[in-house]
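Everything numeric here is computed off the predicted structure, so don't read it as measured data. In what follows, chains are A, B, ... by sequence order, proteins preceding strands, each numbered from 1.
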Amino acid sequence: MKVGIAYDLPRWEEKNIIQEAKNEGHQVIPFYSKQGIFYSDSNIDIEADLFIQRNVSHSRAVMTSFLIESQGIPIVNDYVTLIKSENKAFTTFILSRADIKTPRTAVSMEKDMALSSASTLGYPVVIKPIEGSWGRMIAKAQDEDSLRSFMEYQEFTSMYYRSIYYIQEFVKKPDRDIRIFAIGDDAPVGIYRVNPKNWRTNTALGAKAEPLAIDAELRELALKVKDKIGGFFLGIDVFEDKEKGYVIDEVNGVPEFKNTVRVTGFNVSKYLITKLMEWYKK
Amino acid sequence: MVVLKCPVCGGDVTVEDDALPGELVEHECGAQLEVVKNGDKLSLKLAEQVGEDWGE
Ligand SMILES: [Zn+2]
């Protein structure tokens, strides 16, 4: 099998996928996005049976998935899945409309409306950029004054969605959250991300990874999320809310998994490749 | 191993033969560099800044 890897910055994950695919006897074709040119009247010269999308930049990920799909090569994840998962408003509303619990969230297009939504949700609230990552620019506002400041910060960024406000109830969770991976038709592995010092539990912000035993409820939830968001390989962030139980915080369409492999010993890359081959043969 | 020139300080930088284009290398002068591949020839340029849309 010829496995294409679309990437821009080769992290541990990309190198690991390449190595494991080779170990499984596949031919790996790395596709460095930054050196690619796509013409509308011809195909890029790559003979891959399927692709794995690994661009660290969201815009490059969506665009290369789209362009590769448009020449008839399957890629995981596909661009529609990436659009749904990288945009937090899309993710939250798609899931909550499908009766999957998420933190209660308001989206509004103007600052006074956003302030009004925060009063309805009740302080403290969380404000997030609609497309952001590694926990950057996510803030907890205790009151209207601080929310107003955070909205001003957002306004002065260069983000595409800077004038749309995504405001969310603050979930009183333990000092950890859950990251679970949906891979093909299974959810085989997950971790806790523990951070006693920061309510944001991104490992990029110093949270510590710990192994997690996946119960039936979590597994079912992960597969339900995958059913609604689409795709083949998702990193799903879950909060434990005292009253509501498991709620879905975010979904990642190009998930990082180095810490998961480190603390669980589970070979994510190998599992992904095996599942991809099963899927491709069908 | 292949020895390349740092585009910032001109010093030597050792890179693996099988380095992937885009791979990051930190030089002792403090520069963050990325590997460029032209045909079979490797070189280095200043790495791209972390973008707002990077990461999970
Ligand atoms: Zn240097």
Side-chain angles (χ1 to χ4, degrees), chain A residues 5-15 18-19 22 28 30-36 54-63 82 85-87 129-137 154 157-162 179 202-205 234-237 250-258, chain B:
Chain A
I5 314 271
Y7 78 95
D8 49 5
L9 177 81
R11 297 165 284 187
W12 181 88
E13 281 83 352
E14 288 67 47
K15 292 182 199 167
I18 291 171
Q19 192 53 54
K22 284 180 180 165
V28 178
F31 176 73
Y32 183 44
S33 308
K34 286 161 73 177
Q35 273 184 341
R54 292 301 310 173
N55 276 277
V56 69
S57 148
H58 297 178
S59 49
R60 285 197 283 253
V62 170
M63 192 52 72
L82 294 176
S85 58
E86 303 307 357
N87 183 307
I130 283 185
E131 287 191 348
S133 39
W134 288 330
R136 281 174 310 216
M137 291 283 297
Q154 178 176 311
T157 64
S158 54
M159 291 182 291
Y160 184 62
Y161 287 103
R162 63 185 170 276
R179 154 58 66 90
N202 304 74
T203 39
L205 299 174
L234 300 175
I236 302 166
D237 296 343
E250 285 181 20
V251 179
N252 294 286
V254 185
E256 292 166 4
F257 53 87
K258 182 173 143 192
Chain B
M1 294 291 213
V2 47
V3 179
L4 305 173
K5 283 265 173 283
C6 172
V8 178
C9 71
D12 288 347
V13 189
T14 315
V15 175
E16 302 279 343
D17 295 299
D18 60 351
L20 290 165
E23 203 154 322
L24 290 183
V25 184
E26 193 168 4
H27 192 221
E28 56 199 22
C29 71
Q32 274 278 14
L33 308 172
E34 80 183 51
V35 173
V36 180
K37 205 167 189 173
N38 252 323
D40 279 337
K41 211 170 162 283
L42 294 178
S43 58
L44 292 165
K45 69 172 184 185
L46 208 55
E48 187 185 358
Q49 297 261 340
V50 173
E52 246 167 18
D53 73 335
W54 282 23
E56 56 157 43

Engineer: Any chance CE of A/M63 has more than 12 other-residue heavy atoms, nucleotides or ligands included, within less than 6.0 Å?
Structural biologist: no

Engineer: Using non-hydrogen atoms and a 4.5 Å limit, figure out which bit of A/P30 sits close to chain B: side chain, backbone, both or neither.
Structural biologist: side chain

Engineer: Donor-acceptor pairs under 3.5 Å, chain B to chain A, main chain and side chains both?
Structural biologist:
| from | atom 1 | to | atom 2 | distance (Å) |
| --- | --- | --- | --- | --- |
| B/P21 | O | A/Y7 | OH | 2.7 |
| B/E23 | OE2 | A/K15 | NZ | 3.1 |
| B/E34 | OE1 | A/K34 | NZ | 3.4 |
| B/E34 | OE2 | A/Y32 | OH | 3.1 |
| B/E34 | OE2 | A/K34 | NZ | 2.9 |
| B/K37 | O | A/Q35 | NE2 | 3.2 |
| B/E48 | OE1 | A/K34 | NZ | 2.9 |
| B/E48 | OE1 | A/R60 | NH2 | 3.1 |
| B/E48 | OE2 | A/R60 | NH1 | 3.4 |
| B/E48 | OE2 | A/R60 | NH2 | 3.4 |
| B/E52 | O | A/R136 | NH2 | 3.2 |
| B/E52 | OE1 | A/S158 | OG | 3.1 |
| B/D53 | O | A/H58 | N | 2.8 |
| B/D53 | OD2 | A/S57 | OG | 3.0 |
| B/D53 | OD2 | A/H58 | N | 3.3 |
| B/D53 | OD2 | A/S59 | N | 2.8 |
| B/D53 | OD2 | A/S59 | OG | 2.6 |
| B/W54 | O | A/S133 | OG | 2.3 |
| B/W54 | O | A/R136 | NH2 | 2.8 |
| B/G55 | N | A/V56 | O | 2.9 |
| B/G55 | O | A/H58 | NE2 | 2.5 |
| B/E56 | O | A/W134 | N | 2.8 |
| B/E56 | OE1 | A/R179 | NH1 | 3.2 |
| B/E56 | OE1 | A/R179 | NH2 | 3.4 |
| B/E56 | OE1 | A/E256 | N | 2.7 |
| B/E56 | OE2 | A/R179 | NH2 | 3.1 |

Engineer: Side chain, backbone, both or neither: which part of A/V254 has a non-hydrogen atom closer than 4.5 Å to chain B?
Structural biologist: backbone

